[in-house]
Amino acid sequence: MTTLAAALLEGLKEHGAREIFGIPGDFVLPFYKAIEESRILPHYTLSHEPGVGFAADAAARYHQGLGVAVVTYGAGAFNLVNAVAGAYAERSPVVVIAGAPGARERAGGFLLHHQARSIDTQLAVFREITCDQAVLDDPGRAPEAIARVLRNAREQSLPVYIEAPRDLVGARTAAVPTLACRPADPGALAECAEEILARLAQARAPVMIVDVEIRRYRIEAKTAKLARALELPVVTTFTGRGLMEEAADVLAGTYLGAAGHPEITRLVEDADAMLLLGVIVSDTNFALSQRQLDAQRTMLAVGREVRVGHHVYRNVPIEYLEDELVRRTPRRNKPAGRKRLVLPYPRGLAADDRPIAPSDVAAAINDLFDRHGKMPMAADMGDCLFVAMEIDNTALAAPGYYAGMGFGVPAGIGVAVATQRRPLVLVGDGAFQMTGWELGNCRRHGLDPIVVLLNNRSWEMLRAFQPESAFNDLDDWHFAEIAPALGGTGERVTTRREFAAALERAVQNRGRFALIEVMLPRGRTSDTLARFVAGFKAVRAPAPA
Ligand SMILES: Cc1ncc(Cc2c([C@H](C)O)sc(CCOP(=O)(O)OP(=O)(O)O)c2C)c(N)n1
Ligand SMILES: [Mg+2]
């Protein structure tokens, strides 16, 4: 027997959690004490719960396993909602552990501090943005409940919610068992694989499109192997950018519809069979398609289900499907027979005294990665995410579908912790105003991300859609000057020469975060965002009368 806190922490570790991000509060103090004293999992406190959620989400994405966010009841947990909603949307398995009142407080008759409506309002809210929930109010049944919830988080790659009443954290209980994820339905698997291979064999110009689930289920290498065996060219979606970093021989690039590279767009839109693996069929991924995802050419495996045309095969996890497809495909281990697309990425930035344009940021980073090797990346929402599309395909955590701002810097902290490597973060000034201050926690956690802040003193992405609105103008916050007070170094750069030099200095200086504030003009976006906005307006334009 053990305590409920220790059983939960050991259970998290057994199910793949590697650290905890959190902010304590009185309803979770006993559990947080157990986290600190047990040392079962390292823990990182941050400054605001949105950052806790984004860090846990990004860590889950890079672990290809569970991220863990521990918060207090009410004020802490409700602060976490937006980050968990984004994790749910992008299928990132964040385990939310929220403190809660004990039995005596529940029966005490008072309205409790941090209580919004009823004491169970918090549980009700998290039911909407998690795939399973457990309230640990019965130590005897807690181990099974925890096992079920953690298995569901891993199996469905979705967030889950565990509520820990503060008076039971020390209660005696048994260890948490580890439940295996459920296998595929063998009949559905065989039939589905057969139908997919038959369709691909008849196709003249098939293509494979990959997205988040091939990372969530750790099957990037397996997917590359499948692509070679089937001789399929591979593209990622917008939300899948950065996947298959190690498989440059099969990956052609990222599909962005009208906003993308014409050859990639043609590869997808001229395809007569599309195998979509782990794809979120969202507007950000397909709204700019000039050809719809018509059922007769689409085969979609996501969320433990496979749709082949109008046929639906349930209980077919993507990792099982890929194994079965490879097993049934003759051994070939070479890229697609057709000429492989090699996209040109901007490189060789002239280190001159010309002002920096957004797409210069990508060129400078490509040059940096060529010199020093790629760095794991995180990006926020804004033009910075479109700049990331111009950086040679590199592992990336970014809110490409949910599109919530504030993700970038905390996600960079999560990436640094999860990978134990120095990350490069791309963020706009508007998003930095939201959560950039989490950099102030880097020194005490021994983290030193490089942060490239695109400062156009503007909500520029909104201006690109609605240029006439003055409310997109932001003030100049001189972020680089604030960096030393937060424990890092800050440089403000206005020319391409200054930017290239600042990047190089940042790479050389370890041990403190480096904030490079890149001054950009209002009214100017990356080439990719400009095409995205033009494409979006064209698609949305009213049909001619
Ligand atoms: C939490 C949050 N609030 C508001 C938005 C709307 C929004 C955008 C999307 C369309 O929803 S893009 C954008 C401006 C971003 O400004 P900044 O970070 O400076 O980047 P840039 O100047 O490169 O645009 C906003 C406010 C959002 N996505 N997420
Ligand atoms: Mg901006």
Side-chain angles (χ1 to χ4, degrees), residues 48-54 57 78-90 129 238-239 256 259 282-285 287-288 356-362 365 378-391 398-412 425-439 451-467 469-480 492 494 515-537 539-540:
H48 194 203
E49 286 86 358
V52 167
F54 293 136
D57 176 349
F78 291 129
N79 252 351
L80 195 62
V81 167
N82 180 53
V84 175
Y88 191 98
E90 301 193 4
I129 51 175
F238 181 57
T239 51
L256 298 173
S282 69
D283 56 357
T284 56
N285 282 338
L288 299 193
I356 306 165
S359 290
D360 291 335
V361 173
I365 291 172
D380 216 298
M381 187 60 204
D383 195 17
C384 62
L385 184 50
F386 295 85
V387 166
M389 301 297 127
E390 298 172 15
I391 293 171
Y401 160 43
Y402 186 67
M405 285 163 67
F407 182 87
V409 166
V425 178
L426 296 175
V427 62
D429 56 311
F432 192 93
Q433 290 180 10
M434 293 183 177
T435 58
W437 315 107
E438 294 291 356
L439 286 178
V451 179
V452 176
L453 194 166
L454 280 62
N455 188 0
N456 43 31
R457 300 166 300 120
S458 162
W459 287 325
E460 195 55 35
M461 190 167 165
L462 297 186
R463 188 194 309 279
F465 283 103
Q466 195 167 295
S469 299
F471 56 64
N472 290 315
D473 295 354
L474 300 180
D475 201 347
D476 185 348
W477 285 27
H478 293 273
F479 299 97
R492 183 176 177 123
T494 55
L515 178 65
I516 303 174
E517 181 182 17
V518 178
M519 299 313 291
L520 296 166
R522 288 175 180 159
R524 185 82 191 271
T525 69
S526 65
D527 304 336
T528 305
L529 179 56
R531 290 195 301 270
F532 194 86
V533 171
F536 212 82
K537 287 180 176 175
V539 163
R540 294 286 169 98

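Order of appearance sets the numbers: ligands from 1, and atoms from 1 within every ligand.
Annotation for Gln466 and Asn472: closest pair O-ND2, 3.8 Å, computed over non-hydrogen atoms. Shown here for Glu390 and Ser359, the closest heavy-atom pair between the two residues is OE1-OG, 2.7 Å. Considering all non-hydrogen atoms of both residues, Asp380 and Phe407 come closest at OD2-N, 3.1 Å. Nearest heavy atom pair, residue Ala464 against residue Pro467, reads O-CD, 4.4 Å. When all heavy atoms of Glu438 and Pro410 are compared, the closest pair comes out as CG-CG, 4.2 Å.
Under 3.5 Å, the side chains of Ser458 and Arg463 contain a donor-acceptor pair of N or O atoms. Residues Asp383 and Ser526 bring a donor and an acceptor atom of their side chains to less than 3.5 Å of each other.
Of the possible donor and acceptor atoms, one in the side chain of Ser282 sits under 3.5 Å from a partner among the backbone N and O of Asn285.
Ordered by chain and number, Asp429 OD1, Asn456 OD1, Ser458 O make up the set of protein N, O or S atoms under 2.8 Å of the Mg ion (ligand 2).
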Between ligand 1 and the protein, tabulate every N or O atom pair separated by less than 3.5 Å, reporting distance only.
| residue | atom | partner | partner atom | Å |
| --- | --- | --- | --- | --- |
| ligand 1 | 18 (O) | Gly430 | N | 3.3 |
| ligand 1 | 18 (O) | Ala431 | N | 2.9 |
| ligand 1 | 19 (O) | Asp429 | N | 3.4 |
| ligand 1 | 19 (O) | Asp429 | OD1 | 2.9 |
| ligand 1 | 19 (O) | Gly430 | N | 2.8 |
| ligand 1 | 19 (O) | Ser458 | O | 2.9 |
| ligand 1 | 22 (O) | Asn456 | OD1 | 3.2 |
| ligand 1 | 22 (O) | Asn456 | ND2 | 3.0 |
| ligand 1 | 22 (O) | Ser458 | O | 2.9 |
| ligand 1 | 22 (O) | Glu460 | N | 3.0 |
| ligand 1 | 23 (O) | Asp383 | N | 2.9 |
| ligand 1 | 24 (O) | Glu460 | N | 3.3 |
| ligand 1 | 24 (O) | Met461 | N | 2.7 |
| ligand 1 | 28 (N) | Ala403 | O | 2.8 |
| ligand 1 | 29 (N) | Met405 | N | 3.0 |

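Note on ring orientation: taking the six-membered ring where Trp is involved, the planes of Phe432 and Phe479 are perpendicular (angle over 60°, cut-offs 30° and 60°).
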